Amino acid sequence: MAELAKSLYLPKSATIRKVIPMTESEKFYQLGFDDGSELGHQPGQFVEVSLYGVGECPISISSSPTAKGFDLCVRKVGRVTEAMHQLKEGSKVGIRGPFGKGFPAEALKGKDLLFIGGGIGMVPLRSFINYSIDRRKDYGRIILLYGSRTPKELFNFPEFEDWKAGKKDVELSLSVDRGDDKWKGNVGVITTLIPPLKLDLEKTFAIVCGPPIMYKFVLLALEGKNFKDDHIYLSLERRMKCGVGKCGHCQIHGYYCCQDGPVFHYPLIKNIKEAL
Amino acid sequence: MIIEKKLLKQDSVEKLFAKLKADGRRILAPKAQGDEIFFEQVASASEMAKDYIQTTLSPKGAVFPRVEALFRYQMEGKDVKIENNSEPQPTVIFGLRPCDAASFAILNSVFSWDYQDSQFKSRLAQTAAITVSCSRADEYCFCTSVGGSPGDTKGSDILLTRIGSGDYLAEILTEKGKAMVTLAPELFAEAPSEDKEKYLAKVPVKFDLKKLTEKLPEAFNNNELWMEQSLRCLGCGACAFVCPACVCFDIQDESKRESGVRLRCWDSCGFSLFTAHTSGHNPRPVQSQRWRQRVMHKFSYFNDRQKYLGCVGCGRCSRKCPADMNLLEHLKAIAEAR
């Protein structure tokens with residue numbers, strides 16, 4: 001057997017440095033590799049998280065590569081993620097990756113970025129948002145539309161208060177499907193935030209991540225806004241098992257979501273029925 | 001490319017086995033278990049199944065086991081100690097058919113198209129194939145429709161063809177093949193001037209592969225076609241498990257207290273859970289989409305990316321389908337559709 005150091009399936013040890021509860025079902029983790037190395041990812045890529053004895057699952061990277069260490073935000077929904085929610089600061093996990101194709105951060109230099117995030121779809125978007133904030137001069141406007149079902153389900157990322165206060169030059173609009181007593185903002189699905197936007201269509205690129213149903217309606221709303229297909233990027237979710245384009249679980253037509261995605265240029269997948 | 005041709009006497013197979021074993025190699029050969037035939041480790045040539053058109057499973061497991069450890073681990077407090085896998089044992093597969101021999105290149109194309117899978121590749125490097133060409137075929141065989149033939153040399157290190165005397169005409173095809181001959185040069189006599197073709201089964205071409213691959217991209221959106229073809233499909237995955245070219249796998253942990261193993265296990269795109277997300281969302285929620293994936297992957301996507309077909313025409317999927325689905329019939333229908 002070849003040296004394990006070369007094995008594609010061997011995770012690297014990382015320690016949870018901080019756990020921040022986000023919502024009832026989501027926790028935010030700051031991690032770092034035990035050997036002191038950095039993940040070296042691109043915004044929009046993902047990792048395979050290992051809990052020995054439980055299993056492995058794909059989780060998108062939430063932090064910008066401009067920051068030290070890396071962040072994950074994990075929803076408690078299956079076996080591995082439920083076990084992950086039991087872990088405390090100082091606990092260790094295994095990490096493989098980063099994998100896949102992230103957001104086209106280079107190609108979008110000088111452009112206006114329209115981020116559209118629904119629910120946990122906000123997690124990978126945060127990686128590129130923070131990246132563009134850290135390289136603010138490289139990008140035009142940073143517009144973020146962020147929606148969740150209820151105000152309680154909005155993620156309170158460490159920098160979220162700054163964005164809400166209009167700092168960091170982020171144009172943030174929030175919407176919730178159902179408000180509560182304290183909620184004073186927009187109520188309605190995220191697509192209701194799209195028509196009022198004043199955009200330079202030549203210069204603006206939409207970067208979308210959310211639940212499957214959201215894509216359908218966001219794409220319709222963008223079309224209604226005369227958005228060109230090639231100005232849209234989508235981050236898709238699939239059941240990536242190996243992360244290295246072998247196991248077949250994440251195939252979308254002829255593409256491996258773990259290699260050719262998870263971020264896809266919309267024209268590439270527009271006519272593939274199974275993709276969206 | 002044939003390095004040389006030799007004659008291997010029928011009673012020399014046993015002696016060849018002895019030499020290969022003395023060299024530290026394990027020999028996998030077809031062995032009967034009731035009505036089924038599997039590749040298993042044999043000590044003597046006499047243990048081998050005598051008369052078979054095709055084995056139940058291909059020898060795929062020699063290079064890509066049904067279940068294998070990716071690594072073992074031991075928890076030590078907060079830390080984890082990872083244990084190395086041992087070196088794979090040098091292995092000779094004897095008695096596989098030319099279609100099975102051709103499948104190794106297909107598997108390799110997936111395990112090495114981008115990231116290199118060292119575990120697979122080291123097993124493959126340690127494996128040699130002594131193939132026996134087909135003197136008989138059945139109605140399920142369609143190797144000639146997908147680029148193979150009953151006497152095809154692709155993927156074999158030595159190809160044996162049984163000639164009239166009962167002895168084998170041996171085509172030494174690779175350096176690995178040559179190395180095996182070198183272990184027992186006295187067993188390989190000068191080859192007679194016989195043409196192997198007359199001893200080979202006749203497998204007629206059953207569909208036009210070019211037409212099939214041209215039509216598939218458009219057939220993707222033909223929901224009725226996939227619905228009709230898959231109506232009988234139970235989603236049992238048997239077709240994938242008997243397929244020599246299916247390569248999809250799952251990764252699972254098995255643990256006992258502080259220690260455990262991460263396993264790689266064969267999987268099938270025909271299973272409803274194959275693409276299911278933990279959230280409940282499933283990109284391929286119905287069986288017709290899974291059947292479409294199986295056909296499209298093997299005959300279209302594979303072709304585009306890996307430059308191989310994901311099928312060698314062995315016919316096992318149709319022989320073993322509990323609902324009597326016949327891949328060949330479905331491919332013919334697509335290729336001949338107007």
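Chain letters run A, B, ... following the sequence lines, proteins first, then strands; residues in each count from 1. As a basis for the values below, the full set of heavy atoms in this structure was taken, side chains included, without hydrogen atoms, waters or symmetry mates. If you're wondering where the values come from, they're calculated on a predicted model, not measured in any experiment.
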| said: I'd like to know whether the aromatic ring centres of A:Phe28 and A:Phe157 sit less than 6.0 Å apart in this structure. | reply: yes
| said: Is B:Gln293 close to chain A through its backbone or its side chain, or both, or neither, when contacts mean heavy atoms under 4.5 Å? | reply: side chain
| said: At a 4.5 Å cut-off on heavy atoms, which part of B:Gln89 comes close to chain A: side chain, backbone, both, or neither? | reply: neither
| query | Quick one: do B:Asp100 and B:Arg316 make a salt bridge, cutoff under 4.0 Å? | reply | yes
| task | Pick whichever of B:Gln126, B:Arg292, B:Arg257 has the most heavy-atom pairs under 4.5 Å with chain A. | result | B:Arg292
| Is any side-chain heavy atom of A:Leu8 closer than 4.5 Å to a side-chain heavy atom of A:Cys242? | no
| message | Is the ring pair B:Phe64/B:Trp266 parallel, tilted or perpendicular, if the boundaries are 30 and 60 degrees? | response | tilted
| task | Heavy-atom distances under 4.5 Å only: say whether A:Arg75 touches chain B with side chain, backbone, both or neither. | result | neither
| Best-contacting candidate, B:Asp250, B:Thr278, B:Asp253, against chain A by heavy atom pairs under 4.5 angstrom | B:Asp253
| task | May I ask you to decide if A:Leu72's main-chain N or O and A:Lys27's side chain share a donor-acceptor pair within less than 3.5 Å? | result | no
| request: Quick one: which of B:Met75, B:His281, B:Met296 has the most heavy-atom pairs under 4.5 Å with chain A, could you say? | output: B:His281
| Between A:Asp34 and A:Lys92, is there a salt bridge with N-O shorter than 4.0 Å? | yes
| said: With a 4.5 angstrom heavy-atom cut-off, is it the side chain or the backbone of B:Leu107 that approaches chain A, or both, or neither? | reply: neither
| Using the ring of each side chain (for Trp, its six-membered ring), is B:Tyr301 parallel, tilted or perpendicular to B:His297, with breaks at 30° and 60°? | tilted
| said: I'd like to know which of A:Ser13, A:Cys250, A:Gly55, A:Gly78 tops the heavy-atom pair count under 4.5 Å against chain B. | reply: A:Gly55
| request: Name the member of B:Phe120, B:Phe302, B:Tyr115 that forms the most heavy-atom pairs with chain A at distances under 4.5 Å. | output: B:Tyr115
| request: Counting only heavy atoms closer than 4.5 Å, note whether B:Ser112 contacts chain A via side chain, backbone, both or neither. | output: backbone
| query | Which answer fits A:Val54, side chain, backbone, both or neither, if we ask what part of it has an atom under 4.5 Å from a heavy atom of chain B? | reply | backbone
| query | For B:Gln289, is it the side chain, the backbone, both or neither that has a heavy atom under 4.5 Å from a heavy atom of chain A? | reply | both
| request: Count the heavy-atom pairs under 4.5 Å between each of A:Thr15, A:Asp260, A:Ile272 and chain B, then report the option with the highest count. | output: A:Asp260
| task | Step through it carefully: locate the ring centre of A:Tyr146, locate the ring centre of A:Phe115, and say whether they are under 6.0 Å apart. | result | no
| Do you know which two heavy atoms are closest between A:Ala14 and A:Ile95, and how far apart they sit? | CB-CG1, 3.9 Å
| request: Mind jotting down which residue pairs meet the salt bridge (Lys or Arg N to Asp or Glu O under 4.0 Å) criterion with at least one end in residues 102-111 of chain B? Sequence neighbours excluded, please. | output: none
| Pick from A:Lys241, A:Glu274, A:Gln259, A:His253 with the largest number of heavy-atom pairs that fall under 4.5 Å of chain B | A:His253
| task | Output yes when a side-chain donor or acceptor of B:Arg294 lies under 3.5 Å from a complementary backbone atom of B:Gly270, and no otherwise. | result | no
| remark: One should read off an interatomic distance between B:Glu68 CD and B:Leu263 CG, to the nearest 0.5 angstrom, of 9.0 Å
| Part of B:Asn223 lying under 4.5 Å from any heavy atom of chain A | side chain
| message | Please determine whether the number of non-hydrogen atoms from other residues, nucleotides or ligands lying under 6.0 Å from atom NZ of A:Lys18 exceeds 12. | response | no
| remark: Separation between CZ (A:Arg17) and CZ (A:Phe70), nearest 0.5 Å, reads 8.5 Å
| query | Pick from B:Cys269, B:Ala276, B:Ala125: which one has the most heavy-atom pairs with chain A under 4.5 Å? | reply | B:Ala276
| field | Geometric cation-pi criterion, B:Arg262 with B:Phe71: 6.0 Å, 45° | value | no
| Side chain, backbone, both or neither: which part of B:Phe220 has an atom under 4.5 Å from a heavy atom of chain A? | side chain
| query | Between A:Gly90, A:Gly94, A:Cys57, which has the largest tally of heavy atom pairs under 4.5 Å with chain B? | reply | A:Gly90
| request: Give a yes or no on whether a salt bridge exists between B:Asp117 and B:Arg264, defined as a side-chain N under 4.0 angstrom from a carboxylate O. | output: yes
| request: Determine which residues belonging to residues 36-53 of chain A lie within contact range of chain B, meaning some heavy atom pair is under 4.5 Å apart, and list them by number or answer 'none'. | output: A:Ser50, A:Leu51, A:Tyr52, A:Gly53
| query | Among B:Val261, B:Asp114, B:Val80, who wins on heavy-atom pairs under 4.5 Å with chain A? | reply | B:Val80
| query | Side chain, backbone, both or neither: which part of B:Tyr73 has a heavy atom under 4.5 Å from chain A? | reply | side chain
